[in-house]
Peer 1: 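I'd like to ask some things about the structure below.
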Amino acid sequence: IQNTANDLNVKCLVITGKGRAFSSGGDVDEMGDYLPKAGDLFYKLTEQIHESFSTLLTMPKPVVSSLNGFIAGGALGIALAGDYRIANESTKLLSAHFKRGFVPAGGATYILPKLIGLARTQTLFFGGKTLDSSEMLDWGLVHEVVKDKNKSKQLDAGKTLAGQVTQEIFLPKDVMDGEMMSFLGN
């Protein structure tokens, strides 16, 4: 993600999951068992996820999130950091963090309240609610829902945005960047 942000030849980034899920998350039961032994590893992983999340929010080019399958775990923030988010019909989003005694990482605690408000974020986190693609659209988490296996729609959105890229279009991203950097303490 950082290389893409710095590559002047790349006009737009389309991110998606490989296979059946954008990100199925980690095995939180296993994490709980190994956390005392693997604390440094989890810390480094969380740091990398936060860095990727921050880069997606601040890169001076459009980011299209092409969401497929399940979205869970640390990649929840990554999935929602796109400037334009498209979900397949079968996409489902969930956060099982609190049920397992974890605090969501990866930018989810930052981006979700901005996109859907505090009450819905709390419903998602504390209530353990799983959202399907139509609920994601209703809640404002995605801009559109497309039929499964319709990757061309996501790529078309990326091509359209890449063709419109000018400094003026992404000036608001700079404003949000300043707000986010203040939030992150930078």
Side-chain angles (χ1 to χ4, degrees), residues 1-5 7 9-25 49-96 104-117 120-121 123-125 129-177 180:
I1 292 173
Q2 189 62 46
N3 290 342
T4 300
D7 188 336
N9 294 313
V10 175
K11 302 296 181 202
C12 178
L13 172 63
V14 178
I15 58 172
T16 191
K18 183 178 180 183
R20 299 179 327 156
F22 184 88
S23 170
S24 59
I49 292 170
H50 284 158
E51 183 179 316
S52 294
F53 173 76
S54 295
T55 301
L56 289 170
L57 285 181
T58 60
M59 74 169 60
K61 55 188 77 175
V63 176
V64 175
S65 294
S66 171
L67 307 175
N68 61 303
F70 276 92
I71 305 165
L76 187 57
I78 300 280
L80 299 174
D83 300 303
Y84 196 79
R85 297 170 301 281
I86 303 172
N88 289 344
E89 285 178 327
S90 64
T91 301
K92 295 190 183 315
L93 182 142
L94 67 121
S95 173
T109 56
Y110 171 79
I111 195 87
L112 278 165
K114 292 185 115 0
L115 294 175
I116 61 174
R120 283 188 165 168
T121 299
T123 298
L124 187 62
F125 284 160
K129 182 164 179 55
T130 298
L131 301 178
D132 63 29
S133 61
S134 63
E135 290 171 306
M136 292 169 63
L137 183 63
D138 290 344
W139 282 30
L141 289 169
V142 297
H143 296 90
E144 63 181 296
V145 175
V146 297
K147 294 197 178 301
D148 289 349
K149 301 186 190 237
N150 189 2
K151 290 284 184 195
S152 64
K153 180 70 174 172
Q154 286 90 329
L155 294 175
D156 288 346
K159 288 176 186 174
T160 299
L161 285 171
Q164 297 173 348
V165 172
T166 66
Q167 198 68 18
E168 293 77 26
I169 288 176
F170 287 94
L171 186 59
K173 219 169 174 176
D174 288 339
V175 173
M176 289 185 285
D177 173 24
M180 185 194 68

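The basis for the numbers below is simple: all heavy atoms, side chains too, and nothing from hydrogens, waters or symmetry mates. The first residue in the sequence is number 1, and the count goes up from there.
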Peer 1: Using a 4.5 Å cut-off on heavy atoms from C-beta on, say whether the side chain of F22 contacts that of N88.
Peer 2: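 No. Closest side-chain heavy atoms not under 4.5 Å.
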Peer 1: With side chains defined as the heavy atoms from C-beta onward, is the minimum distance between V63 and C12 less than 4.5 Å?
Peer 2: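 Heavy-atom side-chain distance check fails, nothing below 4.5 Å.
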Peer 1: For the residue pair T55 and Q2, confirm or rule out a side-chain donor-acceptor distance under 3.5 Å.
Peer 2: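 Indeed, the side chains of T55 and Q2 share at least one donor-acceptor pair under 3.5 Å.
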Peer 1: What is the distance from atom CZ of R120 to atom CD of E135, rounded to the nearest 0.5 Å?
Peer 2: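 It comes to 9.5 Å.
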Peer 1: Can any side-chain N or O of K61 pair as donor or acceptor with the backbone N or O of D7 at less than 3.5 Å?
Peer 2: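 Side chain of K61 to backbone of D7, a donor-acceptor pair under 3.5 Å: yes, one is there.
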Peer 1: Rounded to the nearest 0.5 Å, how far does CG of L67 lie from OG of S90?
Peer 2: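 With rounding to 0.5 Å, OG (S90) is 11.0 Å from CG (L67).
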Peer 1: Heavy-atom distance under 4.5 Å between the side chains of L93 and L124, does that happen here?
Peer 2: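 In short, these two side chains touch, coming nearer than 4.5 Å.
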Peer 1: Going by heavy atoms in the side chains, are V64 and D83 under 4.5 Å from each other?
Peer 2: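 Sidechains of D83 and V64: no contact.
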Peer 1: Would you call R85-E144 a salt bridge at under 4.0 Å N-O?
Peer 2: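 Salt bridge between R85 and E144, a charged N being under 4.0 Å from a carboxylate O: no.
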Peer 1: How many angstroms lie between CG in L141 and OG in S65, if you round to the nearest 0.5 Å?
Peer 2: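 Going from CG on L141 over to OG on S65, the span is 11.0 Å.
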Peer 1: Measuring from atom CG of L131 to atom CG of L137, what distance do you get when rounded to the nearest 0.5 angstrom?
Peer 2: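 Between atom CG of L131 and atom CG of L137 there are 11.5 Å.
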Peer 1: Show the nearest heavy-atom pair for residues P62 and K11, with the distance to one decimal.
Peer 2: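 So the minimum-distance heavy-atom pair works out to CD-O, 3.2 Å.
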Peer 1: Could you check I111, I78, T4 and say which one makes a side chain to side chain contact (heavy atoms under 4.5 Å, CB included) with L56?
Peer 2: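 Per the side chain to side chain contact (heavy atoms under 4.5 Å, CB included) rule, the option paired with L56 is I78, out of I111, I78, T4.
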Peer 1: With no hydrogens and no angle check, just 3.5 Å: does a side-chain donor-acceptor pair link N68 and T16?
Peer 2: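 Yes, T16 and N68 have a side-chain donor paired with an acceptor closer than 3.5 Å.
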Peer 1: Determine the interplanar angle of the Y110 and F53 rings, folded into 0 to 90°, and report it as parallel if under 30°, tilted if 30 to 60°, perpendicular if over 60°.
Peer 2: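 Correct class here is perpendicular.
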Peer 1: Counting C-beta onward and ignoring hydrogens, is there a side-chain heavy-atom pair between D132 and T130 closer than 4.5 Å?
Peer 2: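 No - every pair of side-chain heavy atoms lies 4.5 Å or more apart.
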Peer 1: Less than 4.5 Å apart, any side-chain heavy atom of M59 and any of L13?
Peer 2: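 In contact.
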Peer 1: If you measure from OG on S54 to CD1 on I1, what distance do you get to the nearest 0.5 Å?
Peer 2: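 Answer for the OG-CD1 pair, S54 versus I1, is 10.5 Å.
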Peer 1: So do V142 and Y84 actually touch side chain to side chain, heavy atoms under 4.5 Å?
Peer 2: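 No; the side chains remain at least 4.5 Å from each other.
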Peer 1: May I ask you to test the I71-T91 pair for a side-chain heavy-atom distance under 4.5 Å?
Peer 2: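 The answer is yes; the side chains approach within 4.5 Å.
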Peer 1: Quick one: OG on S52 to CG on L57, what's the gap to the nearest 0.5 Å?
Peer 2: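 S52 atom OG to L57 atom CG measures 11.0 Å (nearest 0.5 Å).
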